[in-house]
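Down below is the structure, laid out as structure tokens.
None of these values were measured; they are calculated from a predicted model. When a ligand or atom number is given, it counts from 1 through the structure's own listing order.
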Amino acid sequence: MPRGCPLDCGYCVRHFWGNFEQKTPQLRVTTPEAVAMLTGHAAFRPHTTPVQLFNKATDPMLPGVKPHTFAVLEELDRRGMTNLVLIITRFHVTTEDMAALEALQHVRVSLLFTYSGIADARVEPIAKNRTTIRSIETATARNDRTKVILYWRPIVPGWNDDPETMAGVLEVADSAGVDALVFTGYYHQEENAEFLRASGVAVPYADNYQRRKMLPAELDAKVVRAWQVSGISVPLFRKTSCGVTYAHEIPDYNGHWGVPELCDICPAAQRRRCAADRRSPTEAEFRQAPADLDYGSDTPFLIEDGHVLTHALGEQRRYALQHRLRHQIREVDHPHLHAAHGRALEGYEPREAQRRRLSEARERLSVHARYDDD
Ligand code: SF4
């Protein structure tokens with residue numbers, strides 16, 4: 001399991017994960033150990049748990065990392081696991097890589113190419129050549145069971161939200177014929193903002209640092225409008241899991257169908273899949289799920305329309321429950337307000353009724369808090 005990356009993207013999350021200075025990927029755990037840790041984890045479920053390989057730590061297609069990426073994929077495949085595996089990269093993908101991916105029999109791989117259209121090398125040094133575009137073209141020329149997604153991120157006001165840049169990204173998606181487009185904003189945190197400002201880059205959002213990604217309503221509307229105006233046939237998604245599951249023709253594993261404002265741009269066939277799959281857990285089922293995962297039998301929860309509110313479970317436990325139930329499991333202290341699902345609240349107007357309901361829910365749940373939260 002390697003960590004470290006030389007690509008130097010100015011907005012990289014490794015600034016606030018504390019390892020941005022590590023440029024050469026270092027192996028922290030051997031690949032067999034990493035696979036054993038993953039598959040032996042109490043929350044891991046063969047065929048069900050979605051996996052992201054080496055995300056937040058490195059780029060899985062860097063030369064020193066790629067052998068490990070393929071070793072993990074091949075080992076999961078050898079074990080007959082059909083889990084969705086997400087590989088997020090902006091680096092070189094070759095015809096040989098595609099042949100190796102296509103030779104897998106069981107794991108369902110999605111290649112997500114981070115491509116933002118940003119041309120400023122202070123923000124994205126890799127932008128000066130066409131590495132990512134060439135990789136997208138190579139991948140789409142040879143993919144069948146491997147799904148290819150253009151991961152349009154980060155979209156940041158003043159960096160890449162002008163009509164020409166947006167049209168350029170959409171054109172790359174269309175001409176390559178990717179399976180889906182997923183868009184999102186950027187993590188506005190002090191560490192990466194300081195790095196960018198020190199490089200002379202204008203950073204929006206002032207000092208309003210947030211734990212979730214920034215993508216104000218106005219920018220969301222701008223992206224959707226640009227996609228509509230382009231007339232391209234590649235579908236656009238607001239959530240990674242939605243783009244991935246659409247490409248693999250299965251319902252969203254994160255149960256976003258309960259969030260109607262995310263689904264208004266989704267293709268009809270995929271909406272039908274998600275609608276048919278949607279089922280709220282019963283109280284008995286929700287009590288049983290954390291107990292099965294050894295989280296105890298007294299997890300506080302409140303089943304609401306389209307999601308379940310919990311408190312102080314922590315992100316890892318919530319996600320394990322969410323993937324098991326294919327239903328949104330949320331932390332009451334990190335509310336998802338209308339239309340701002342999973343985003344920082346900058347640029348959204350919370351509704352008074354929703355505020356009130358959350359505050360009541362919090363009171364009902366917090367008295368039972370047992371775990372440290374994420
Ligand atoms: S219908 Fe909604 S939840 Fe399902 S994939 Fe589409 S956007 Fe996501």
Do the non-hydrogen side-chain atoms of [X] and [Y] ever get within less than 4.5 Å of each other?
X	Y	result
E331	L313	no
F237	T245	no
W257	D277	no

Review point. Between atom 8 (Fe) of ligand 1 and C274, is there an N, O or S atom separated by less than 2.8 Å?
Key: no

Below 4.0 angstrom from a heavy atom of [X], which ligand 1 atoms are there? Numbered from 1 as shown, please.
X	answer
C266	1 (S), 5 (S), 6 (Fe), 7 (S)
L262	7 (S)
H256	3 (S)
W257	1 (S), 2 (Fe), 3 (S)
R271	1 (S)

Review point. Counting only heavy atoms not in R45, do more than 12 sit closer than 6.0 Å to its CZ atom?
Key: yes

Check your understanding: Got a sec: does the CD of E285 have more than 12 other heavy atoms crowding it under 6.0 Å?
Key -> yes

Exercise for review: Answer yes or no for Y246: is there a heavy-atom contact with ligand 1 below 4.0 Å?
Suggested key: no

Review point. Going hydrophobic residue to hydrophobic residue with side-chain gaps under 4.5 angstrom, can you get from V85 over to I88?
Key: no

Review point. Closest non-hydrogen protein atom to atom 8 (Fe) of ligand 1, residue and atom name please, with distance?
Key: C242 SG, 2.3 Å

Practice item. Of the side chain and backbone of C263, name the one, both, or neither that has a heavy atom under 4.0 Å from an atom of ligand 1. Key: both

Check your understanding: Is it true that R287 and E283 have a side-chain N and a carboxylate O under 4.0 angstrom from each other?
Key -> yes

